[in-house]
There are 2 protein chains.
Amino acid sequence: MPTIKDVAKKAGVSVTTVSRVLNNRGYISDATRQKVHQAMEDLNYQPNELARSLYRQKSNIIGLIVPTVSHPFFGELVSRIEYYAFRAGYKILLCNSHLEQEKEKDYIDMLRRNQVDGLILGSHTLDVEEYVLSKLPIVTFDRCISDAIPYIASDNYEGGRIATTLLVEHGCNKIAHISGNLELDLLANKRYEAFVEVAEENDVEHVNIETSINVFDDTQYEKIIFDLFKAHQDIDGIFASSDVMAAYAIKVCHTFGRKVPEDVKIIGYDDINIASLMMPSITTINQPIDEMGELAVELIIKQIEGKKVPTKNIFPVTLVKRETA
Amino acid sequence: MPTIKDVAKKAGVSVTTVSRVLNNRGYISDATRQKVHQAMEDLNYQPNELARSLYRQKSNIIGLIVPTVSHPFFGELVSRIEYYAFRAGYKILLCNSHLEQEKEKDYIDMLRRNQVDGLILGSHTLDVEEYVLSKLPIVTFDRCISDAIPYIASDNYEGGRIATTLLVEHGCNKIAHISGNLELDLLANKRYEAFVEVAEENDVEHVNIETSINVFDDTQYEKIIFDLFKAHQDIDGIFASSDVMAAYAIKVCHTFGRKVPEDVKIIGYDDINIASLMMPSITTINQPIDEMGELAVELIIKQIEGKKVPTKNIFPVTLVKRETA
DNA sequence: TTTCATATGTCAATCGGTTGACATATACAA
DNA sequence: TTGTATATGTCAACCGATTGACATATGAAA
């Protein structure tokens with residue numbers, strides 16, 4: 001790898017001059033600038049960002065922790081975050097925590113060692129102290145850690161109300177909610193709260209099942225939903241906390257010989273690509289993934305630049321009516 | 001952020017001693033080691049990897065370029081790659097090229113500036129020179145760039161034969177293949193070759209449609225497949241080059257009132273999670289994503305360590321029979 | 001008593017690039 | 001002629017950690 005010295009030698013100027021060209025500082029004649037650029041091109045020179053970051057005390061790297069990008073919601077979210085980050089001159093160090101607390105802690109330490117400028121958390125097992133202690137700019141998804149740490153979420157409560165109301169309007173008599181693990185202190189739990197409230201307001205029988213802490217084991221989804229149906233054969237409406245869960249619910253309905261939407265109405269959450277791809281296509285609550293990713297990047301960069309940002313960032317949700325309800 | 005000097009001061013030893021503890025070099029008494037560790041803990045010290053990487057000329061970062069992690073195949077693959085990389089002490093800088101040549105070039109430059117130790121390419125638009133020129137350890141997926149650059153692929157030809165043969169055995173009379181863009185010099189094109197060969201060996205009428213270069217625009221998939229069906233109403237078998245495409249094919253069949261698998265047999269490729277989730281569940285050719293990800297990490301690390309690795313790494317594929325064929 | 005393994009310290013160079021202070025030189029305008 | 005904006009160079013310090021050379025001190029074995 002050529003260094004700035006090689007460029008200086010090749011261009012017949014001093015290292016300082018090359019640095020001035022590189023950083024647009026001081027006076028440089030067009031001729032010199034040309035020479036330096038030519039030398040950089042000839043050598044295929046790329047400035048060593050490690051050295052620059054070390055000096056500048058800024059790496060332009062954002063650490064991104066998600067449960068796993070193999071889950072389509074996080075795949076889509078990460079894709080958008082990376083897009084906007086790159087556009088703003090930042091790079092993404094990707095971490096898949098698989099919701100393991102130990103691994104998440106290791107990741108945070110690793111990211112600190114690597115001097116990331118900020119942290120975006122689409123994950124959520126850790127206790128608060130850990131984050132606070134890290135003293136890094138942080139943005140979280142769907143989790144309110146403290147007054148000081150900004151978070152981004154969809155309007156979970158409203159989403160829950162809309163979905164449950166739709167089930168009620170469809171005349172469902174016994175509805176179920178499939179939630180993530182409610183022990184995790186997530187804002188997504190408000191979907192559950194709304195579900196219960198709307199059900200009770202309307203005197204509709206309702207049950208809830210929780211997936212366990214390791215939420216992204218697909219085979220587990222199926223089993224849990226299967227058990228739900230076995231225990232409650234008369235369920236005729238389901239509000240699933242993700243489209244993936246909704247898809248599994250459709251599948252399980254099928255194995256029980258129950259037609260969707262004729263016998264059972266199903267509503268998902270997220271509105272990921274596969275929601276429209278499934279057959280029947282999934283009626284769902286849309287989270288604006290692109291905008292949420294964009295804002296995450298914006299909020300983290302503003303914090304890095306020392307600006308104040310709002311703590312609470314709730315995006316409106318919309319009902320996307322398709323075939324399952 | 002505390003530095004090694006702060007630790008030294010706190011522990012009442014010299015910087016050299018702390019460094020010796022940190023790197024397990026030279027003689028250190030247990031007592032001193034204890035003191036140093038205590039100081040590091042008290043200060044919540046994390047060594048600055050930028051500085052270490054700069055000195056060591058090694059960043060332990062792997063650059064990973066894929067079209068986009070929002071595509072489930074790459075989401076699953078990236079998840080596995082990151083898993084194995086982290087386990088081996090490497091970090092992943094994630095890049096979504098969206099198959100844009102310009103962006104891919106920018107990414108490669110960026111990764112070089114950031115001193116990545118190696119490059120894993122799940123993407124493929126660039127001309128060869130660019131890679132060779134970068135002189136980095138590289139592993140590619142599904143693309144043979146040169147004799148010197150190792151690649152990983154599933155046995156595309158065999159997969160194509162198995163899939164097409166199955167369609168023929170099902171008695172299909174007119175079969176279609178939905179491929180990616182064949183102008184990209186991908187090994188996946190062998191699926192197409194196998195498709196044509198098996199069709200001709202068996203005297204079965206066959207057509208092919210290509211998706212255009214920007215492969216991951218989902219709305220485009222649907223339109224292309226729709227047009228295919230409009231042009232060839234009598235198609236009764238489809239071999240799609242990915243499960244996502246297969247899913248769209250199912251959907252389009254539905255809009256044309258054609259039943260799957262009764263009227264049209266469909267076979268996908270990849271065996272991503274949603275293949276089993278779809279209804280009907282997709283019969284597909286399994287690529288061992290986990291093993292492929294593991295090998296990618298192994299091959300890149302071996303190269304980083306200066307070891308020789310085999311160029312050609314083909315994984316066997318298996319037919320996963322489900323409901324669509 | 002000598003010798004040597006153990007234990008720790010000081011010092012300076014290095015990784016690659018940035019920056020401020022300061023010197024010097026040219027050209028043009030006042 | 002003087003002053004000043006432009007242009008470039010030299011030099012050293014710095015970012016945080018690593019390392020080799022070398023000094024020094026202690027305790028135990030020979």
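Convention: sequence-line order gives letters A, B, ...; per-chain numbering from 1. What you are looking at is a predicted structure, and each value in this text was computed from that prediction instead of being measured. Any value given below was found using the heavy atoms of this structure, including those in side chains, with hydrogens, waters and symmetry copies removed.
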Look at all strands and tell whether [X] reaches a base, only sugar-phosphate, or nothing, counting heavy atoms closer than 4.0 Å.
X        : value
Thr16(B) : base
Arg20(A) : base
Ser14(B) : base
Val18(A) : nothing

(request) Would you kindly give the CE-to-P distance between Met40(A) and dG16(C), to the nearest whole Å? (result)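 My rounded result for the distance is 17 Å.
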(message) Output the rounded distance in Å from CG (Leu22(A)) to C1' (dG17(C)).
(response)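 So the two atoms are 9 Å apart, to the nearest Å.
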(message) Under 4.0 Å from OP1 or OP2 of dG16(C): is there any side-chain N or O of Gln57(B) that close?
(response)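 Checking Gln57(B) against dG16(C): at least one side-chain N or O falls below 4.0 Å of OP1 or OP2.
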(message) Side-chain N or O of Ser19(A) versus OP1/OP2 of dT18(C): is the shortest distance under 4.0 Å?
(response)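 The answer is yes; a side-chain N or O of Ser19(A) sits under 4.0 Å from OP1 or OP2.
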(message) So for atom NZ, which belongs to Lys312(A), do other residues, nucleotides or ligands contribute more than 12 heavy atoms lying within a distance under 6.0 Å?
(response)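 Not more than 12 within 6.0 Å, no.
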(request) Taking heavy atoms of chain B and a 4.0 Å limit, find me the 5'-most and 3'-most nucleotide of DNA chain D within that range. (result)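 Listed 5' to 3', the contact boundaries are dG16(D) to dG20(D).
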(request) Tell me, please, which residues at least two apart from Tyr90(B) pass ring pair (Phe, Tyr, Trp, His ring centres under 6.0 Å). (result)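 Tyr90(B) satisfies ring pair (Phe, Tyr, Trp, His ring centres under 6.0 Å) with no other residue.
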(message) Looking at Pro310(A), is its backbone amide N or carbonyl O close enough to the side chain of Asn313(A) to form a donor-acceptor pair, meaning the two atoms are under 3.5 Å apart?
(response)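 Judged by distance alone, yes, a pair lies under 3.5 Å.
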(request) Check for a donor-acceptor pair, side chain of Asn60(B) on one end and backbone N or O of Gly89(B) on the other, with a separation under 3.5 Å. (result)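 A pair under 3.5 Å: yes.
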(message) Going by salt bridge (Lys or Arg N to Asp or Glu O under 4.0 Å), name the pairs with one or both residues in residues 43-52 of chain B, residues two or more places apart or in two chains.
(response)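 Those involving residues 43-52 of chain B are Arg113(A)-Glu49(B), Glu49(B)-Arg52(B).
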Where [X] and [Y] come nearest, the two heavy atoms and their spacing:
X         : Y         : answer
Ser59(B)  : Asp117(B) : N-OD1, 3.1 Å
Ala296(A) : Val139(A) : O-CG2, 4.0 Å
Ala11(A)  : Ala39(A)  : CB-CB, 3.8 Å

(message) Between the side chains of Arg80(B) and Glu76(B), is the shortest nitrogen-to-carboxylate-oxygen separation below 4.0 Å, so that they form an ion pair?
(response)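 Looking at Glu76(B) and Arg80(B), the cut-off is not met.
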(message) If the threshold is 4.0 Å, N to carboxylate O, is there a salt bridge linking Asp6(B) and Lys10(B)?
(response)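 Salt bridge between Asp6(B) and Lys10(B), a charged N being under 4.0 Å from a carboxylate O: no.
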(request) Find out whether Asp142(A) and Ile152(A) are in side-chain contact, i.e. whether some heavy atom of one side chain is under 4.5 Å from a heavy atom of the other. (result)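 The answer is no, as the side chains (C-beta and beyond) never meet within the 4.5 Å cut-off.
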(request) Look at the rings of Phe86(A) and Tyr107(B) and say which category their plane angle falls in: under 30° parallel, 30 to 60° tilted, over 60° perpendicular. (result)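 Phe86(A) and Tyr107(B): tilted rings.
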(message) If the helix axis at each end comes from five base pairs, how far does the helix from dT1(C)-dA30(D) to dA30(C)-dT1(D) deviate from straight, to 10°?
(response)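 Taking five pairs per end, the axes differ by 50°.
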(request) Name every residue in residues 23-34 of chain B that has at least one heavy atom under 4.0 Å from any atom of DNA chain C, in order of residue number, or write none if there are no such residues. (result)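 Under 4.0 Å from DNA chain C: Tyr27(B), Ile28(B), Ser29(B), Thr32(B).
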(request) Enumerate the residues from residues 47-54 of chain A whose closest heavy atom to DNA chain C is under 4.0 Å, giving them by residue number; use none for an empty result. (result)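 When residues 47-54 of chain A is checked for heavy atoms under 4.0 Å from DNA chain C, the hits, listed by number, are Pro47(A), Asn48(A), Ala51(A), Arg52(A).
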(request) Compute whether any side-chain donor of one residue and acceptor of the other, for Gln38(A) and Asp42(A), lie under 3.5 angstrom apart. (result)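 The criterion, which ignores hydrogens and geometry beyond distance, is satisfied for Asp42(A) and Gln38(A).
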(request) Examine the side chains of Ser29(B) and Thr32(B) and answer whether a donor and an acceptor come within less than 3.5 Å of each other. (result)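 Short answer, yes.
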(message) Quick check on DNA chain C: between Tyr55(B) and Ile4(A), whose nearest nucleotide comes earlier from the 5' end?
(response)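 So the residue in question is Tyr55(B).
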